[in-house]
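Heads up: numbering here begins at 1 and tracks the sequence.
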Amino acid sequence: MKIAVLGATGQTGQQLVNQALQQGHSVTAVVRNPGKLTVTHDNLKVVEGDIFSEDSLKPHFKGQDAVLSCLGFPISFLYGITGYTQSMTAALNAMRDAKVNRIITMTSWYTDPNSGSNSPLLIRFMLLPMIRSVLNNMYEMENFLKQTDDINWTVVRPPGLKNTPTTANEFLTHEGYYVPDENGLPIGASVSRGDVARFMLSLLNNNAWMKKAVAIITK
């Protein structure tokens, strides 16, 4: 397939680009600073683009089969974060103009403010309050997508991300804000970035999670 990748210079984005190329896809990496992406490949085109500008994204989306986004924005204690909603608004508008109908994007477990009540104490009282500014804007973006009828979107919600090797482990999935065990408690707390990329790419040939948000973790 021909895919455009946003957030390609991030740690998960680099995993996604490498795996996509290994799978034979043609990748257009839309980045702010092309020098930050050191991968070279015959099927990789690295282009400079503004993720907040539909006019900037539009020419790079033309002819693509799908857009995959691994964009991330830093936490802020002083100001609300708007990067997720602003970039998604620009991307969807550019996709409409470019006649691209599929987007797969990444958020996180616990985006809903009430969803962390079953999480371990350390996560609930230290981690979640610390990253709440990020989670809140992810949540806004998810709700924005839920109101989008004309584009086939999927939101992938991983737990904590770790820089460990990609596995071949089976995925556990749940249409919710985390993956629960039989008692409703979260299963595990982290997943390999490479596995998140692997799951996102698997959705290119899979309609199971169309217009849905899915929490994932590996067995």
Checklist entry - Do Phe73 and Asn137 pass the side-chain contact (heavy atoms from CB on, under 4.5 Å) test, and can you show the C-alpha distance, the side-chain angles, and the key distance before you say yes or no? => result CA-CA 10 Å; Phe73 299 92; Asn137 194 225; 5.7 Å; no

Checklist entry - Which pair of heavy atoms, one from Ile123 and one from Pro129, lies closest together, and at what distance? => result O-CD, 4.1 Å

Next on the checklist: Just so I know, are the side chains of Ile216 and Val214 near enough to count as touching, which here means a heavy-atom distance under 4.5 Å?
Outcome noted: yes

Checklist entry - Nearest heavy-atom pair of Ala94 and Leu57: which atoms, and what distance? => result CB-CB, 3.7 Å

Checklist entry - Can you check side-chain contact (heavy atoms from CB on, under 4.5 Å) on Arg32 and Asp50, steps first, answer last? => result CA-CA 6 Å; Arg32 187 175 54 188; Asp50 179 356; over 6 Å; no

Checklist entry - Can you tell me if Asp97 uses its side chain to pair, donor with acceptor, with the backbone of Lys58 under 3.5 Å? => result no

Checklist entry - Can you find a pair of side-chain heavy atoms, one from Arg102 and one from Thr154, that are under 4.5 Å apart? => result yes

Checklist entry - Minimum heavy-atom separation for Asn136 to Pro113, with atom names? => result OD1-CG, 4.2 Å

Checklist entry - Are any of the side-chain heavy atoms of Arg157 and Glu142 separated by less than 4.5 Å? => result yes

Checklist outcome for this item: Between the OG atom in Ser53 and the CG atom in Asp55, the distance rounded to the nearest 0.5 Å is 5.0 Å

Item to check | Closest heavy-atom pair and its distance - Ile103, Ala91 | outcome: CD1-CB, 4.4 Å

Item to check | Asn183 side chain to Leu185 backbone, donor-acceptor under 3.5 Å | outcome: no

Checklist entry - If only atom types and distance count, is the side chain of Gln19 paired as donor or acceptor with the main-chain N or O of Gly194 below 3.5 Å? => result yes

Next on the checklist: When you compare the side chain of Val46 with that of Val31, does any pair of heavy atoms fall below 4.5 Å?
Outcome noted: yes

Checklist entry - Can any side-chain N or O of Ser87 pair as donor or acceptor with the backbone N or O of Phe52 at less than 3.5 Å? => result no

Checklist entry - Out of curiosity, Ile187 CD1 to Thr218 OG1, how far, rounded to the nearest 0.5 Å? => result 10.5 Å

Item to check | Gln15 and Val196, any side-chain heavy atoms less than 4.5 Å apart | outcome: no

Checklist entry - Hey, is the main chain of Phe144 close enough, under 3.5 Å, to the side chain of Thr148 for a donor-acceptor pair? => result yes

Checklist entry - How long is the span from the CG atom in Leu71 to the CE atom in Met138, to the nearest 0.5 Å? => result 10.0 Å

Checklist entry - Heavy atoms, side chains only, cut-off 4.5 Å: are Leu135 and Leu128 in contact? => result yes

Next on the checklist: Using only atom types and a distance under 3.5 Å, with no angle test, would you say the side chain of Asp181 pairs donor to acceptor with the backbone of Gly184?
Outcome noted: yes

Checklist entry - Residues two or more places apart in sequence or in another chain: which of them pass salt bridge (charged side-chain N to carboxylate O under 4.0 Å, His left out) with Arg96? => result Asp150

Checklist entry - Should Val47 and Thr28 be marked as a side-chain contact (heavy atoms from CB on, under 4.5 Å) after you check the CA-CA gap, both sets of side-chain angles, and the distance that decides it? => result CA-CA 7 Å; Val47 297; Thr28 299; 3.8 Å; yes

Which pairs of donor and acceptor atoms, one on a side chain in residues 3-13, lie under 3.5 Å apart (sequence neighbours left out)?
unit_1	atom_1	unit_2	atom_2	d
Gln11	OE1	Arg193	NH2	3.0
Thr12	OG1	Arg193	NH1	2.9

Item to check | Nearest-0.5 Å distance, OG of residue Ser108 to CD1 of residue Ile131 | outcome: 5.5 Å

Item to check | Nearest non-hydrogen partners of Val27 and Ala20, listed with the distance | outcome: CG2-CB, 3.7 Å

Next on the checklist: Show, in sequence, the C-alpha distance, side-chain angles and deciding distance for Leu204 and His25, and conclude whether the side-chain contact (heavy atoms from CB on, under 4.5 Å) test is met.
Outcome noted: CA-CA 10 Å; Leu204 289 171; His25 299 298; 3.8 Å; yes

Checklist entry - For the residue pair Trp109 and Tyr178, does the interplanar ring angle fall in the parallel (under 30°), tilted (30 to 60°) or perpendicular (over 60°) class? => result tilted

Checklist entry - From Lys99 NZ over to Phe61 CZ, what is the distance, rounded to the nearest 0.5 angstrom? => result 14.5 Å

Checklist entry - Within the side chain of Asn206, is there an N or O that forms a donor-acceptor pair under 3.5 Å with the backbone of Ser202? => result no

Checklist entry - For Glu170, which residues count as a salt bridge (charged side-chain N to carboxylate O under 4.0 Å, His left out) partner, sequence neighbours excluded? => result Lys219

Checklist entry - Is any side-chain heavy atom of Val134 less than 4.5 Å from a side-chain heavy atom of Tyr84? => result yes

Item to check | Side chain proximity check, Phe199 to Trp209, heavy atoms < 4.5 angstrom | outcome: yes

Checklist entry - Just how far is it from atom OG1 of Thr105 to atom CE of Met88, taken to the nearest 0.5 Å? => result 4.0 Å

